[in-house]
Amino acid sequence: MQLKWTAVALAALTLVACGKKEEAAAPAAPAPTAAAPAPAAPPADALIVKIGHVGPTSGAIAHLGKDNEFGAKMAIEDLNAKGLKIGDKVAKFELLAEDDAGDPKQGTAVAQKLVDSKVNGIVGHLNSGTTIPASKLYSDAGIPQVSPSATNPKYTRQGFKTTFRVVADDTQLGGTLGKYAVETLKGKNIAVIDDRTAYGQGVAEEFEKAAKAAGATIVGHEFTTDKSTDFNAILTKLKAAKPDVLFFGGMDAVGGPMLKQVKQLGLNVKFMGGDGLCTGELPKLAGDAIGEEMVVCAEAGGVDGDFKQPLEDFKAKFKAKNGVEVQIYAPYVYDAVNVLAEAMVKAGSADPEKYLPEVGKVQYKGVTGPIAFDEKGDIKNGALTLFTYKGGVRTQIAVVR
């Protein structure tokens, strides 16, 4: 995969992302301002449009699930404030939010619940491991589903007409990181660990393939789970192989404690991972083991040029409203909800059967950049953003496509 580095690459390691929560003392409260007027009530004959959202709002990665749900709530509120018309009726959007706890069984259970509730569209799930099994239920019901963060290629390769995603997949993500590990980090002996989830295994396999193709030697591939806390046995085994790069396919809740044990064992490596690792919460989870430019990771998404300011504006609005920084994918959730709404407006209907064909034709200018889908439902020309961590802050390296 040939990388097209943007101008952002020239400013490598100088742009500070907004993923880290503020730790400084709280500023003085601003002077009170007049309350904003309440939005006008929708007309009595408003068209009720139910949007389902699913993410892990409990469990080890609840911070990521809540981040996504906040993005969905903001989209619903903004759509209702606009008084959007679908056909000849003003639409009143309602959010039906469910928690899948990152568990495939719970994911399919809440998916069925949303199908039974006759939602008009689905945004989610967060994890590939819950998104993929749930997608069959939505497909069987004919309900369009847009995932803001599931990156396993299988999701859009099942032959379903209802599956879409607004981020690049693991083929791009893992492939880019594998090539970067060899060509930029000069990795020669590379070790890999994955958590055996659909996401972790998928991104690790794509990384490994790309690293091998670029000339690296894979000196070991070990496995853990998404609930593990002790990695000493596998790390000790890998240390004996003397890797210079260690790639972890999994989420930050496991990657943070793993980094601590990497440091304890004196394992001198560049630590790499995909978007599940690449969060504003990682420095808190890893403590001083985060190091200085020791971690290199990629987020499946990213903007440059004229799209940078709209995304920064969204992040500022998000923090003002929710009291926390964007973790990763809230902006993509926000855009996914709006993509469904755009398709409904084009079709003049919120009936899934009638507006589904319009989802695939969408040309939407979102806060995360331009959104259009290919024949599989994958985003066209999906971007990736490479990051490292400096001074405990997630710092952008470059946007690549």
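The first residue of the sequence shown is numbered 1, and numbering continues consecutively from there.
- Pairs of residues two or more places apart, or lying in two chains, that qualify as salt bridge (charged side-chain N to carboxylate O under 4.0 Å, His left out) and include a residue from residues 202-221 are E206-K209, E208-K212.
- For S349, there are no side-chain hydrogen bond (donor to acceptor under 3.5 Å, both in side chains) partners two or more places apart in sequence or in a different chain.
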* Would you check, one step at a time, whether the test salt bridge (Lys or Arg N to Asp or Glu O under 4.0 Å) holds for R196 with D194? => CA-CA 6 Å; R196 296 284 83 180; D194 78 66; 2.9 Å; yes
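- Every residue two or more places apart in sequence or in another chain that forms a side-chain hydrogen bond (donor to acceptor under 3.5 Å, both in side chains) with K263 is listed here: D288.
- In this structure, the side-chain hydrogen bond (donor to acceptor under 3.5 Å, both in side chains) partners of E98, at least two apart in sequence or on a different chain, are K113.
- For residues 193-297, the pairs satisfying disulfide bond (SG atoms under 2.5 Å apart) are C278-C297, with sequence neighbours left out.
- The closest donor-acceptor contact from the side chain of T224 to the backbone of D195 lies at 3.5 Å or more, if one exists at all.
- Applying the disulfide bond (SG atoms under 2.5 Å apart) definition to pairs two or more places apart or across chains, none involves residues 333-364.
- With sequence neighbours excluded, the residues that form a ring-ring contact (aromatic ring centres under 6.0 Å, His included) with F247 are F207.
- Side-chain atoms of K239 come within 3.5 Å of backbone N or O of L265 as a donor-acceptor pair.
- Listed by first and then second residue, the ring pair (Phe, Tyr, Trp, His ring centres under 6.0 Å) pairs involving residues 356-383 are F164-F373 (not counting sequence neighbours).
- Counting only residues at least two apart or on different chains, no disulfide bond (SG atoms under 2.5 Å apart) pair has a member in residues 54-120.
- The stretch residues 327-355 participates, sequence neighbours left out, in these ring pair (Phe, Tyr, Trp, His ring centres under 6.0 Å) pairs: F314-Y334, Y329-Y332.
- D99 meets the side chain to side chain contact (heavy atoms under 4.5 Å, CB included) test with T57, S58, A101, Q106; sequence neighbours excluded.
- Counting only residues at least two apart or on different chains, no disulfide bond (SG atoms under 2.5 Å apart) pair has a member in residues 124-237.
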